[in-house]
Amino acid sequence: MPESIVVPDASSYNTAISACDKTGQWHLALSLLNVMPKLRVNPDLISFNSAISACADRWPLALDLARRSRLTPDVVTLNGVISACDKGQEWQLALCFLFGAEVNFRVRPDVISYNAAISSCSKGGRWQAALSLLGAMSLRRLAPNVISFSAAITSCEKGGQWQLALVLLSHMEDADVRPNQISYNSAISACEKAGHWEAALSILSQMRVRPDEISFNACISACEKKGHWELALVLLGQMPQMRVTPGDISCSAVMSALEKGCQWELALVLLGQMPQKAIMPGEICFSAAISACEKGGQWERALSLLSDLRWMRLKPDEISCSSAISACEKCGKWELALLLLSEMPQMRLMPNEVSFGAAISACERAQALL
DNA sequence: CTAGGGTTAG
């Protein structure tokens, strides 16, 4: 019986390249693309577009691929390049590609091109430009969709324009675009970041879709910023009633609120209750609890949490270590502060400004007592 | 299950 040899065709490679994109293995995606011609398989436009997408924030690579393809680019190529600029924090470049698309690529930008460009302006802190793009879409007879509005609302959040975020949210109904959870969550974030917890809670209560964990988490953060730890606890309690399961992030946010309210005991109670609620505390939970102890002058508890964290096979990071060093500093334990600082490299952590700052303060405090 | 866009925590 003759052996049958299966020869992969372009679409097999395309599937593989796409898989590399989804798992963040850009170098593997490029290797696959490079090996195709050697195996007498011609990469097609989908191969290049998938590889461009795999480049993520490496925009020079994405651009190089777009040039090298020698195939006629389509709108997906354009959008992949704009998206690479977006992820690479290059909003000016993103706009150059959007506005130059017809001349340079002979491609007409679509809704996704605009959405990616709005997102890049948002990341670059250019809320005015993001809103101009949203307006320009209608002029170009492109109907903004729920993502266009949500991205524009996010640009308002980044620019501290919470009122504008609310205006955009109400404009969506006029434009016959139904806000989804993400649209509402973006608006809640805008209020949260600007410190308007009342507005954040008002959106939560008026959502026309079921709030999700992120909606609640952003509201909890809004309360946290203004020191309303009681409200943060109330929100956490409301989640199951609304059939939303609180997670690790919800608990971290509540613990931060408790930290601000000097309620370290309650923060530790909450941390202790997490396993019963089937929530696995992550590094950030421990970090929030350590900070709460730091603020409450509980250096022993802070250090014990740091060792619990390692016991749970979580890796301490710069922030949890720095908080523990600060806890020692606040309680006058300068030797312990220095010891922790010196142990950081063994944990493969680079002490940062905060860790050194706390350790230096600890020594200053000791010096003053002499 | 062949390519492009938006949200939360220390």
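By convention in this document, chain letters (A, B, ...) are assigned in the order of the sequence lines, proteins followed by strands, and residues within each chain are numbered from 1. What you see is a predicted model, and the numbers here were worked out from it, not measured in a lab.
- When each of B:dT7, B:dA3, B:dA9 is scored by its nearest atom to the side-chain atoms of A:Ile46, the top-ranked nucleotide is B:dA3.
- Protein atom CH2 of A:Trp26 is 19 Å distant from nucleotide atom C1' of B:dA3, rounded to whole Å.
- Summarising the local packing, CE of A:Met242 is surrounded by 12 or fewer heavy atoms from other residues, nucleotides or ligands at distances under 6.0 Å.
- Atom CG in A:Leu314 sits about 17 Å away from atom P in B:dG10, given to the nearest Å.
- Closest heavy-atom contact between A:Val209 and A:Pro179: CG1-O, 4.2 Å.
- Counting non-hydrogen atoms under 4.0 angstrom, A:Val146 reaches a base of the nucleic acid.
- Within the 4.0 angstrom heavy-atom criterion, no nucleotide atom of any strand lies near A:Val81.
- A donor N or O paired with an acceptor N or O is found under 3.5 Å between the base of B:dG10 and the side-chain atoms of A:Asp317.
- Ring orientation note: the planes of A:Trp162 and A:His196 are close to parallel, at an angle under 30° on the 30°/60° scale.
- In this model, a donor atom of one side chain and an acceptor atom of the other lie less than 3.5 Å apart for A:Ser323 and A:Ser291.
- At whole-Å resolution of the value, CD1 in A:Ile112 and C1' in B:dA3 are 10 Å apart.
- To the nearest angstrom, P of B:dT8 lies 17 Å from CG of A:Leu201.
- If you check every strand for non-hydrogen atoms under 4.0 Å, A:Asp21 touches sugar and phosphate atoms only.
- Among the nucleotides B:dA3, B:dG6, B:dG10, the one closest to any side-chain atom of A:Ser53 is B:dA3.
- Between atom OG of residue A:Ser221 and atom CD1 of residue A:Ile188 there is a gap of 11.0 Å, rounded to the nearest 0.5 Å.
- Of the candidates B:dA9, B:dT7, B:dT8, B:dT7 carries the atom nearest the A:Ser186 side chain, counting heavy atoms from C-beta on.
- At least one side-chain nitrogen or oxygen of A:Ser18 sits closer than 4.0 Å to the OP1 or OP2 atom of B:dA3.
- Atom-to-atom, CD1 of A:Ile153 to P of B:dG6 comes out at 14 Å; the value is rounded to the nearest Å.
- For the OP1/OP2 pair of B:dA3 and a distance below 4.0 Å, the side-chain nitrogens and oxygens of A:Lys22 include at least one atom meeting the criterion.
- Within the nucleic acid shown, A:Glu213 has no heavy atom closer than 4.0 Å to any nucleic acid atom.
- Of all nucleotides listed (B:dT2, B:dA9, B:dG6), B:dT2 comes nearest to the side chain of A:Ser11.
- Between A:Glu102 and A:Arg140, at least one side-chain nitrogen of the basic residue sits less than 4.0 Å from a carboxylate oxygen of the acidic one, meeting the salt-bridge criterion.
- The distance from atom CD1 of A:Ile249 to atom P of B:dT8 is 10 Å, rounded to the nearest whole Å.
- Checking B:dG6, B:dG10, B:dT7 against the side-chain heavy atoms of A:Ser287 singles out B:dG10 as nearest.
- Summarising the geometry, the separation between CZ on A:Phe48 and P on B:dT2 is reported as 20 Å, rounded to the nearest angstrom.
- Contact annotation for A:Lys225: no contact, since no heavy-atom pair falls under 4.0 Å across all strands.
- Comparing atom distances between the A:Ser252 side chain and each of B:dG6, B:dT7, B:dA9 picks out B:dA9 as nearest.
- The separation between A:Leu258 atom CG and B:dG10 atom P is 13 Å, rounded to whole Å.
- The side chain of A:Asp74 sits closest to B:dA3 out of B:dA9, B:dG6, B:dA3.
- Considering only the side chain of A:Asn180, B:dG6 comes nearest among B:dG6, B:dT7, B:dG10.
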